[in-house]
2 protein chains.
Amino acid sequence: MSTSKTAPAPGIAEHKAAILRENRRVTSYDVALVAGVSQSAVSRCFKPGASVSKATYARVMKAAAGLDYIPNAAARSLITRRTNVVAVIISHVANLCHPEALSELSQQMGRHGKRLLLFTLQDEADAERALSEVWQYQVDGVIAVTTLTDAQIAEFERRRMPLVVFNRRVRGQVVNTVACDQYEAGHTLAARLAAAGHRSFGIIDGVENNAAPSARRRGASDKLAELGLPAPVIARGQYDYASGARGLREIIGHLGRTPDVVLCGSDIMAIGCLDCARHELGLAVPEQMSVAGFDAVEPSSWLSYNLTTLRQPIQKMAMAAAELLTKLMDSREGEAEKRMFSALFIEGSTARLLPPPNVFLAA
Amino acid sequence: MSTSKTAPAPGIAEHKAAILRENRRVTSYDVALVAGVSQSAVSRCFKPGASVSKATYARVMKAAAGLDYIPNAAARSLITRRTNVVAVIISHVANLCHPEALSELSQQMGRHGKRLLLFTLQDEADAERALSEVWQYQVDGVIAVTTLTDAQIAEFERRRMPLVVFNRRVRGQVVNTVACDQYEAGHTLAARLAAAGHRSFGIIDGVENNAAPSARRRGASDKLAELGLPAPVIARGQYDYASGARGLREIIGHLGRTPDVVLCGSDIMAIGCLDCARHELGLAVPEQMSVAGFDAVEPSSWLSYNLTTLRQPIQKMAMAAAELLTKLMDSREGEAEKRMFSALFIEGSTARLLPPPNVFLAA
DNA sequence: TTGTAAGCGTTATCAA
DNA sequence: TTGATAACGCTTACAA
């Protein structure tokens, strides 16, 4: 016999014990039973803006709290056809390269009430397997931070799955994209350095099939051609520190001498190139050779480097992607939109940005 | 009238058109209708190891492919009580500090057939809001890369939700934990440096309430006390580059001279400290002062730094967390287990690790 | 091996 | 404002 003086909840503890004993979940039915209302009344209490009387609401909430009841999202999504989950397909390297991207996307989608379901790819070519899982989870939309084939993009269309491609170029496809204009960035950088009197260019590029760096390289090469300068010497790298040193040696070997400037496909390679030039080859940078990076990562601003580079506005891009996807999910339509952002030039001190004195003399 | 010569699928196209018209999802019912079998037969075809004849399987799969049918995970989880989703609660800083942790956790849980649902926290104190959402999603388990209160941990217990805390200390609670032994790391580092003859220690620590760095500091302080050396001078930092320089100036100011060695709560602070010492104060490192970091991040290995530091085996830890959580999810029981990993000492070249000559003379 | 039928836990519709 | 009842799309006994 209970001696509790208030006995606030009639049988609430027994009810809970029974549920535990039967090893089942707490449902809106249990809450209804305890609160003495119908199950649909309980459901309404958890729907914002539904019409419920204050008294009912209070009783239901009390019962719910006592039973630790939480609505089951799976059951809800079955009928509402909304999961409030967005899939993010991101390659391992993309995540390491821009760790803030995922964080930002998560924060931004969170503001729209969506959570991220993560699909990480060992390899950019691996998207297929992730996709077949994505369809099962009935997500409301997808953000792809990886390259997709035309067939894959077509499947999104066919399944009417809202898609935003983040920071990858999609050639001529009707897809929503948020990206940084890599071609423009390469173009601008080359122009700026050529203006400072650099003539022989080396480029340490990324791997063959990666779109972003190759767009940059084309931008730079096009600008050099336009200016009538010799074509750059190109080395391939893997975006890592070691590639920078390897690339520099390769370029010097091919050219027979030090180039005026080396453009690197990533900051990490630029830093590798810089360290090799200074500590192993004994070159003064930027006096004897200029080095420029891409993708301003944090270390590029450190005193030992202070790299000349370009920053992608990842935060703004994440915000744009979240907005774009939300619009798509709400309306299920809309023309394909491509939001392009410009990279921001960071002067740094590893590239000579003014013409050397003798250029003035020659002029 | 169709003139197709094979007519492989009887009415499959019309069926699909009808579904599209009615704006509903493709269900196992549709597949059953097209394949001429029962709905449960379709279900069985998608359940690995169920008993289906080859002929039925083939017809079902053909129909499914024609209709782009994919089983609905929400409906499935409603009955199976498994979502194959694991929530990860991670603070913004934790993700930026160890971007590979999330990637590794995703890869490792993927090998167990689980996907990660991401909850990022602006602030470590913010877990409460994330949790109330976690319960709704009916995830199979949770990995917390953030600090949890006792009440929060108790709620996991109450809801019988499998939980693994990653790389955070949980004082005296019965929780499954995978972590790196920070106390031991601090202890070892101090011992090693003291053995090399360093006597006056400075420590640039993290923010007050963060457990990991303070455990390290205690480890180091305890060892110094044990050896009868003077207590270290402690400065507080925010784990960022600027904090390293600020901390160093503070220590020097407090001490009235340069300390023998500065232990930093993170590599980034150590690098900031190092750059400040070399480029702003003109100190030779390690000749005039030693600097050591923590949490070996990639830049610490670069030629310009080559930092003396300790590496946490994040990959191994992620693997252990995935295993531990999987075991919990499968069995729903088991004692609380704490898997401790040791940090790996990286010699680098920013700390003097051998006694200076005059020590030999004095001995 | 196959089909029938009963859930899983919600939301949505419609009378009352 | 409320309560009955019908979905939502699947898995799983159980019977055939």
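Side-chain contact between B:Val142 and B:Ile89 is present, with at least one heavy-atom pair separated by less than 4.5 Å. Using a 4.5 Å heavy-atom cutoff, the side chains of B:Ile90 and B:Leu121 are not in contact. By the 4.5 Å heavy-atom criterion applied to side chains, A:Leu118 and B:Leu117 are not counted as neighbours. Under the 4.5 Å side-chain criterion, counting only non-hydrogen atoms from C-beta, A:Gln136 is in contact with B:Arg76.
Scanning for salt bridge (charged side-chain N to carboxylate O under 4.0 Å, His left out) contacts around B:Arg158 gives A:Asp68, with sequence neighbours left out. Every residue two or more places apart in sequence or in another chain was checked for a ring pair (Phe, Tyr, Trp, His ring centres under 6.0 Å) with B:Phe166, and none qualifies. In this structure B:Phe46 satisfies the ring pair (Phe, Tyr, Trp, His ring centres under 6.0 Å) test together with B:Tyr69, sequence neighbours excluded. For A:Asp30, the side chain to side chain contact (heavy atoms under 4.5 Å, CB included) test picks out A:His15, A:Ile19, A:Arg24, A:Val26, A:Thr27, A:Leu67, with sequence neighbours left out. Not counting sequence neighbours, the partners of A:Asn23 by the side chain to side chain contact (heavy atoms under 4.5 Å, CB included) test are B:Arg160. For B:Glu104, the side chain to side chain contact (heavy atoms under 4.5 Å, CB included) partners are A:His92, B:Gln108, B:Gln315, B:Ala318, not counting sequence neighbours. Take B:Ala65 and apply the side chain to side chain contact (heavy atoms under 4.5 Å, CB included) test, not counting sequence neighbours, and it matches no residue.
Within the 4.0 angstrom heavy-atom criterion, only backbone atoms of the sugar-phosphate kind lie near B:Ser53; the bases stay farther away. Within the 4.0 angstrom heavy-atom criterion, only backbone atoms of the sugar-phosphate kind lie near B:Thr27; the bases stay farther away. Within 4.0 Å of A:Thr56, counting heavy atoms only, lie sugar-phosphate atoms of the nucleic acid but no base atom. At the heavy-atom level, A:Arg44 lies under 4.0 Å from base atoms of the strands shown. Contacts of B:Thr80 with the nucleic acid, taken as non-hydrogen atoms under 4.0 Å apart, involve only primed sugar atoms and P, OP1 or OP2. Across all strands shown, B:Ser28 has heavy atoms under 4.0 Å from sugar-phosphate atoms exclusively, and none from any base.
Near DNA chain C, meaning a heavy atom under 4.0 Å away, the residues from residues 64-72 of chain A are A:Tyr69, A:Ile70, A:Pro71, A:Asn72.
Chain A approaches DNA chain C within less than 4.0 angstrom (heavy atoms of the protein), and the contacting nucleotides run 5' to 3' from C:dG9 to C:dA12. When DNA chain D is scanned 5' to 3' for any atom under 4.0 Å from a heavy atom of chain B, the first and last hits are D:dG9 to D:dT12.
The nearest heavy atom of DNA chain C to B:Ile79 and to B:Val52 marks one nucleotide each, and the one closer to the 5' end goes with B:Val52. Between B:Lys47 and A:Ala41, it is A:Ala41 whose nearest contact on DNA chain D lies nearer the 5' terminus. Between B:Ala75 and B:Tyr29, the residue anchored nearer the 5' end of DNA chain C, judged by the nucleotide with its closest heavy atom, is B:Tyr29.
Helix-axis bend for the helix from C:dT1-D:dA16 to C:dA16-D:dT1: the local axis fitted to the five terminal pairs at one end deviates from that at the other end by 30°, rounded to 10°.
Salt bridge annotation for A:Glu133-A:Arg129: absent, with no cationic side-chain nitrogen under 4.0 angstrom from a carboxylate oxygen. Using a cut-off of 4.0 Å between Lys/Arg side-chain N and Asp/Glu carboxylate O, A:Arg339 and A:Glu337 are scored as salt-bridged.
Here ring-ring contact (aromatic ring centres under 6.0 Å, His included) pairs that include residues 103-140 of chain B, with residues two or more places apart or in two chains, are B:Trp135-B:Phe156.
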